[in-house]
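All remarks here apply to the structure that follows.
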Amino acid sequence: MTRKPIFAANWKMNKGPLETEDFADNFLSKIQQQTFPADIVIAPPFVSLAKAAEKFGNVSAVALAAQNCSEHNSGAYTGEVSAMMLKEFYLHYVILGHSERRAIYGETDEVINAKMLKARESNLRPIFCIGETLEEREGGKLEEVLRRQVTVGMKDLTERDLLDTVIAYEPVWAIGTGVTASAKQAQEAHAFVRSLVAEQFGADSAAKIRIQYGGSVKPANAEELMACPDIDGALIGGAALEPQSFLDIIVNGTK
Ligand code: PGA
C-alpha cells in the first residue's frame, strides 16, 4: 500500500496577515515549477486565512488548513468559528485535538469527536492529533491513552470520512522541546495506532489512512523519521515558520 505523504505546517499563534503574505511570497518563489511526491498543507491562524487563500488559492501544490473549529454550527458561542464558516475560505483541512487544545483549553475526547463530526459535515478533512505525555509514557500508559483518544475521538466516522482523515501522532513531550521521538519509538507508536484503526474500522481503512508524526521535526531528522514504514508525513510547528526550513523538511522527508 503506497500512501502519499502529507507535510503540514502548524503555525499556531504566529503570523498575522502581513507575515503570511511574506511567507507566501518567499515560499512560492522557492517551490515554483517544482512538483513534490507529497501533499503540502499550511495552517495559519484564523485571521490570516483570507490572506493565505488569496496567495495560495490558485496554487495546486499547497492546501490550507484551519487550526481548530467549533463543535457547533452557529449561535451564542463568543470567540468561536464553525466548520461551516471555514468552508467559505479556500480550505481543505482542519487540525483538531492538538495537545495544546487538550491541555490549555481543556478539550476532551468527546468534544474533539463532536468537532470531527462537524468538520466532516462541512467536508473538511480533519488532521486529528493524538499523543501521550511523558508521565503517561513513563507510567506504562502509552497504549491505553492512544486507544482512548482514537476510540472516542474517531467515534461515528464513516469509512468515507476515514479516507479524508489524517491522524497526527504527536508525543506531547516532543512538541516544541527539541526532543524528537526516535525513529523506533515513533514507528512503534504509529504501527500501534494503525492497529487501533484496523480494530475500529477494518484492515482496509487502516492500510489507507495517513499517519503523520509531529514533535520537533526538523530538516535534519525528517529523512530518518519518514523512512519508517508507518510514518506518512509530518505535522510541523517551529521548523515550519521559516519557508526554507519547511521546504527542506519536505525535500528531505521525500528522498
Ligand atoms: P513542533 O510542534 O514541531 O514545534 O514541535 C509540532 C506541533 O505542535 O504540531
Side-chain angles (χ1 to χ4, degrees), residues 3-14 38-45 63-68 92-105 107 109 112 115-116 125-134 136-137 142 145-146 149-150 153-154 165-194 196-197 209-242 245-254:
R3 293 177 294 266
K4 193 176 187 191
I6 172 167
F7 292 86
N10 174 14
W11 285 356
K12 311 190 180 186
M13 200 172 74
N14 294 291
D39 289 332
I40 301 175
V41 179
I42 297 179
L64 296 177
Q67 297 175 16
N68 186 22
H92 287 107
Y93 295 89
V94 58
I95 298 173
L96 293 173
H98 191 278
S99 65
E100 286 150 19
R101 301 292 321 169
R102 293 176 189 264
I104 306 171
Y105 300 101
E107 289 190 10
D109 293 304
I112 294 159
K115 293 181 175 205
M116 296 276 282
R125 301 173 184 177
I127 296 178
F128 169 56
C129 304
I130 55 174
E132 81 290 358
T133 61
L134 190 58
E136 288 162 343
R137 176 174 275 263
L142 171 66
V145 169
L146 294 179
Q149 290 175 335
V150 168
M154 297 180 79
T165 298
V166 176
I167 298 177
Y169 168 67
E170 301 200 296
V172 178
W173 45 273
I175 296 178
T177 56
V179 181
T180 320
S182 67
K184 183 170 176 286
Q185 285 172 321
Q187 167 55 30
E188 277 169 11
H190 279 236
F192 179 67
V193 172
R194 204 175 293 286
L196 293 175
V197 175
I209 197 163
R210 294 184 291 182
I211 308 178
Q212 298 174 302
Y213 170 78
S216 298
V217 175
K218 305 179 213 40
N221 59 26
E223 188 177 352
E224 191 192 3
L225 285 163
M226 298 309 128
C228 298
D230 284 293
I231 301 186
D232 311 311
L235 181 59
I236 307 129
L241 289 172
E242 210 268 307
S245 158
F246 184 39
L247 184 59
D248 288 344
I249 289 172
I250 298 165
V251 170
N252 294 350
T254 51

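Just the heavy atoms: all of them, side chains too, but no hydrogens, waters or symmetry mates, feed the values below.
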Measure across [X] and [Y] and return the closest heavy-atom pair with its distance rounded to 0.1 Å.
| X | Y | result |
| --- | --- | --- |
| Pro45 | Trp11 | CD-CE3, 4.2 Å |
| Ile95 | His98 | CG2-CB, 4.3 Å |
| Ala65 | Pro44 | O-CD, 3.4 Å |
| Ala43 | Ala66 | CB-O, 4.4 Å |
| Gln187 | Cys228 | OE1-CB, 3.5 Å |
| Gly178 | Ser216 | N-OG, 2.8 Å |

Parallel, tilted or perpendicular for Tyr169 and His190, by the 30°/60° rule? perpendicular

Side-chain contact test, heavy atoms from C-beta onward, threshold under 4.5 Å: evaluate it for [X] versus [Y] and give yes or no.
| X | Y | result |
| --- | --- | --- |
| Ile42 | Phe246 | yes |
| Thr180 | Gln185 | no |
| Val94 | Lys115 | no |
| Asn68 | Leu96 | yes |
| Thr254 | Phe7 | yes |
| Leu196 | Met154 | no |

Roughly how far apart are [X] [atom1] and [Y] [atom2], rounded to 0.5 Å?
| X | Y | atom1 | atom2 | result |
| --- | --- | --- | --- | --- |
| Arg125 | Arg210 | CZ | CZ | 7.5 Å |
| Gln212 | Met226 | CD | CE | 8.5 Å |
| Ile167 | Leu146 | CD1 | CG | 10.0 Å |
| Leu247 | Asn252 | CG | CG | 9.0 Å |

Steps toward side chain to side chain contact (heavy atoms under 4.5 Å, CB included) verdict (Val172, Glu136): CA-CA 10 Å; Val172 178; Glu136 288 162 343; 6.0 Å; no

Looking only at atom types and distance, does a side-chain atom of [X] sit under 3.5 Å from a main-chain N or O of [Y], one as donor and one as acceptor?
| X | Y | answer |
| --- | --- | --- |
| Lys12 | Asn10 | no |
| Asp109 | Gly153 | no |
| Arg102 | Cys129 | yes |
| Tyr93 | Ala8 | no |

Out of [options], which one pairs with [X] under the side chain to side chain contact (heavy atoms under 4.5 Å, CB included) rule?
| X | options | value |
| --- | --- | --- |
| Glu132 | Gln149, Arg137, Glu170 | Arg137 |
| Asp39 | Val166, Ile250, Ile6 | Ile6 |
| Arg3 | Asp230, Ile211, Ile209 | Asp230 |

Decide yes or no on side chain to side chain contact (heavy atoms under 4.5 Å, CB included) for Met116 and Thr165, but give the supporting numbers first. CA-CA 9 Å; Met116 296 276 282; Thr165 298; 4.3 Å; yes

